[in-house]
Amino acid sequence: MSTPPVAASPDAAPSIATPLAAAPLGGQVPSTSAERTSAPRTAEPDIAATNTTEPHTVGASAAESRTTEPSTTGPLATEPSTTGPRTSQPSTAGPLATHPSAAEPRPTHPSIAGPRAAGPRDAGPGATEPNTIGPRAGGMPVGSRDAGHQSVAQGDPEQVLASYRWRLDPATLREVVEEPDEFRTIRRRLTEKLGAAVDNKSRARLLSLRAVVSRILGELDDALADGRLALTYAEATGELRRTAVAQARLAHVLRWRGEFVEADRLFAEANSTELPQRLRAVLHEHAGRSCYDQGRLMEACHHFERALDLRGTEDPELQARIRLSLDAVAERVAETGFGPYPRSREDVLERDRPPMPARDGDLWGFSDPDGDLVIAAGYAEAQPFRDGLAWVRRPETERWSLIDRAGATVLEPSYPVVRSFSDGLAWVSDGGDAGWVAIDATGEVVVPHGFADVRPFQRGVAVVRRDGWGAVDRNGRIVVPTRHHGFATVLADGRYVDGFTEEGLAVVEVAGRRGVVNRAGKVLVAPSYPALVVHPVAFLVGDGTGRWGALDRRGEPLIEPVHRDRDEVVAEIERLLVDTSPVL
């Protein structure tokens with residue numbers, strides 16, 4: 001039986017509490033200590049170059065052993081960390097590893113063929129995670145094939161995998177490998193590290209990398225099981241980037257299996273606007289390859305164009321891969337045409353489109369996407385469906401009722417002021433000084449405090465105002481004290497977030513000074529800066545005199561406030577980011 005995700009730290013999303021039913025095929029770790037070998041631990045930085053490391057763990061062989069993964073003695077209260085020098089993370093993904101073509105490999109594009117050098121800080125996600133900020137170092141010289149074998153046998157398997165230079169087949173747009181035995185060695189050594197991994201972060205990373213290797217070797221059942229389990233662990237960490245990388249690696253396995261509906265959905269879910277542009281560009285690139293496999297060539301071109309918009313002028317290797325991909329698209333268009341018209345993101349995500357409010361005469365009902373009335377017009381007012389429920393007001397009353405998507409009444413007329421459901425809760429008020437309370441779908445009051453102003457629940461937390469602004473969880477517990485003068489989050493691309501970002505961060509204001517809290521209530525940056533903006537890997541801060549600098553995600557100084565505007569700071573962060581990519 002596989003080990004369930006361990007409990008996350010108090011400032012992270014909770015871990016999965018129940019054990020998983022089974023460990024992945026070909027992905028179990030031998031349970032006997034005699035089969036495990038120890039190796040030095042390597043650091044797994046979070047985002048920026050700081051002085052804290054997370055231990056990587058070691059164990060035994062993986063897909064070759066077919067035994068069980070050892071369990072930990074109990075759930076961990078926090079993710080372990082030690083003090084020591086950190087290694088840097090790469091900023092985004094390079095070409096995704098894919099299954100070799102069944103036929104003889106075709107000639108590869110000259111700009112992407114050949115080995116890639118790797119060094120301690122050019123290790124990619126093998127030893128680190130995307131978006132680390134830190135100094136670059138020279139790469140390890142790549143020599144003969146014997147030298148390559150020695151690297152596989154003796155180097156850290158994650159670094160070896162990250163340093164591999166994939167060759168792209170110009171017809172299939174899939175990477176090809178010529179030494180599968182090397183990848184069996186990498187997989188075995190990844191499993192050795194997985195055997196003693198005791199935290200969700202390490203398990204997510206190692207399992208998803210092992211899924212990459214199993215896919216390369218053509219063992220798709222093992223790759224699928226590892227990829228799904230990796231995503232479970234990644235989601236348990238509550239970290240947006242970690243989850244996105246796990247989603248992308250799983251999507252690539254599904255693409256290779258021909259399960260395109262789920263693959264495309266995962267690529268779309270992973271591509272949050274809050275991720276660094278480098279990672280988003282590669283996600284678009286590989287979503288485009290999935291569309292190419294399906295003959296959706298217009299849609300593929302849209303993804304390739306978006307990848308270039310995000311990073312094309314700054315990433316020659318990405319440009320070369322996109323040129324190769326567009327050449328392949330052109331050849332296929334000449335043979336088969338462009339294929340289906342492009343889908344919207346909502347179509348790809350398969351979001352069920354509920355009936356929408358529609359007016360018929362003086363009254364309101366609800367119509368389906370084709371415009372046909374599916375809930376009869378009998379209401380003086382109607383709000384859109386959220387969480388499968390909609391508030392409606394009948395002409396004879398000033399209070400709102402709740403109906404389901406079939407039009408059946410769930411709650412009789414109850415409250416004169418209501419807001420839509422979100423996360424299974426809705427804010428309602430009797431008016432006057434009573435304030436807002438939150439109810440569930442049965443009408444039971446879950447959060448009874450009576451707030452002066454509220455925002456919808458998102459991922460278990462809602463922004464509220466009493467004497468000041470703060471946040472409350474679904475159980476009514478105040479997680480961010482209601483003492484802040486403002487609760488408004490601005491992102492580096494200029495967008496405004498009303499509350500917490502997808503990553504769970506919010507900018508708060510006290511007496512004109514801004515800081516950062518997360519949805520667990522932890523203060524990451526004390527309110528001490530005249531201006532603060534959330535960047536995908538850092539916090540941009542202004543000193544009030546027109547000068548800008550940056551903090552890392554732990555609130556430690558990263559760039560001194562000497563730049564004239566935010567764009568200069570962003571450019572400096574780009575220079576600090578290690579210029580490698582996670583293997584998806």
Side-chain angles (χ1 to χ4, degrees), residues 8 10-14 238-240 272-274 383-384 386-387 389 391 415 417-431 433-441 445-536 539-541 553 555:
D11 59 328
E239 296 181 11
L240 180 65
S272 167
T273 55
E274 294 177 19
Q383 296 185 12
R386 297 288 186 271
D387 287 0
L389 300 167
W391 291 105
Y415 296 95
V417 185
V418 295
R419 293 187 181 176
S420 296
F421 274 81
S422 176
D423 257 11
L425 298 177
W427 292 107
V428 297
S429 175
D430 278 322
D433 298 329
W436 294 91
V437 299
I439 64 171
D440 62 18
V445 175
V446 178
V447 182
H449 296 292
F451 295 104
D453 199 357
V454 292
R455 299 291 183 267
F457 278 90
Q458 295 179 341
R459 300 191 180 187
V461 179
V463 174
V464 296
R465 180 172 63 85
R466 187 177 283 160
D467 297 327
W469 288 95
V472 63
D473 67 14
R474 290 174 49 86
N475 298 316
R477 183 174 65 94
I478 301 292
V479 292
V480 178
T482 54
R483 63 188 181 206
H484 300 94
H485 299 154
F487 215 101
T489 304
V490 178
L491 303 183
D493 62 4
R495 289 181 300 117
Y496 170 84
V497 176
D498 191 11
F500 290 90
T501 68
E502 291 182 39
E503 197 173 0
L505 304 172
V507 175
V508 294
E509 178 187 342
V510 176
R513 299 280 171 162
R514 291 168 174 79
V516 181
V517 298
N518 65 15
R519 65 166 60 95
K522 182 177 180 179
V523 177
L524 303 181
V525 179
S528 56
Y529 294 92
L532 193 152
V533 174
V534 177
H535 180 275
F539 302 121
L540 311 183
V541 291
R553 279 301 174 82

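Just so it is clear, the values below take in all heavy atoms, side chains as well, and ignore hydrogens, waters and symmetry mates.
- Looking only at side-chain heavy atoms (C-beta outward), V447 and V437 stay at 4.5 Å or farther from each other.
- Annotation for D423 and G460: closest pair OD2-N, 2.5 Å, computed over non-hydrogen atoms.
- Judged purely by atom type and a 3.5 angstrom limit, D493 uses its side chain to pair as donor or acceptor with the backbone of R495.
- Between G499 and A506 the shortest heavy-atom distance is O-CB, 3.7 Å.
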Query raised in the report: Would F457 and F500 satisfy ring pair (Phe, Tyr, Trp, His ring centres under 6.0 Å), going step by step from the backbone distance to the final call?
Result: CA-CA 10 Å; F457 278 90; F500 290 90; over 10 Å; no

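- Using a 4.5 Å heavy-atom cutoff, the side chains of V534 and E503 are not in contact.
- With contacts defined as side-chain heavy-atom distances shorter than 4.5 Å, the pair I439/V446 does not qualify.
- The two residues A511 and H485 make their nearest non-hydrogen contact at N-ND1, 2.8 Å.
- R513 forms no cation-pi arrangement with Y529, by the criterion of a distance under 6.0 Å to the ring centre and an angle within 45° of the ring axis.
- Nearest heavy-atom pair, V461 versus A471, reported as atom, atom and distance to 0.1 Å: CG1-CB, 3.7 Å.
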Report task. Evaluate side-chain contact (heavy atoms from CB on, under 4.5 Å) for V497 paired with L491, printing each intermediate quantity in order. Result -> CA-CA 8 Å; V497 176; L491 303 183; 3.8 Å; yes

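- The only option from V523, V525, V508, T489 that meets the side-chain contact (heavy atoms from CB on, under 4.5 Å) definition with V516 turns out to be V525.
- Closest of all the heavy-atom pairs between A441 and L389 is CB-CD1, 3.7 Å.
- H484 contributes a side-chain N or O that, together with a main-chain N or O of W469, makes up a donor-acceptor pair within less than 3.5 Å.
- Using a 4.5 Å cut-off on side-chain heavy atoms (C-beta onward), E502 and R459 make contact.
- Scanning both residues, F451 and R466, for their nearest heavy atoms gives CE2-NH2, 3.5 Å.
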Requested in this report: Could you walk me through whether E239 and R553 pass the salt bridge (Lys or Arg N to Asp or Glu O under 4.0 Å) test, one step at a time?
Outcome: CA-CA 12 Å; E239 296 181 11; R553 279 301 174 82; over 6 Å; no

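- Annotation: the span from F539 atom CZ to L505 atom CG amounts to 5.0 Å, rounded to 0.5 Å.
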Query - Worked verdict on R419 versus D453 for salt bridge (Lys or Arg N to Asp or Glu O under 4.0 Å) - result: CA-CA 12 Å; R419 293 187 181 176; D453 199 357; 3.8 Å; yes

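- Separation of atoms CZ (R465) and CH2 (W436) is listed at 12.0 Å; rounding is to 0.5 Å.
- Screening V463, D467, V464 for a side-chain contact (heavy atoms from CB on, under 4.5 Å) with T482, the sole residue that qualifies is V464.
- With R514 contributing its side chain and P527 its backbone, the two residues share no donor-acceptor pair below 3.5 Å.
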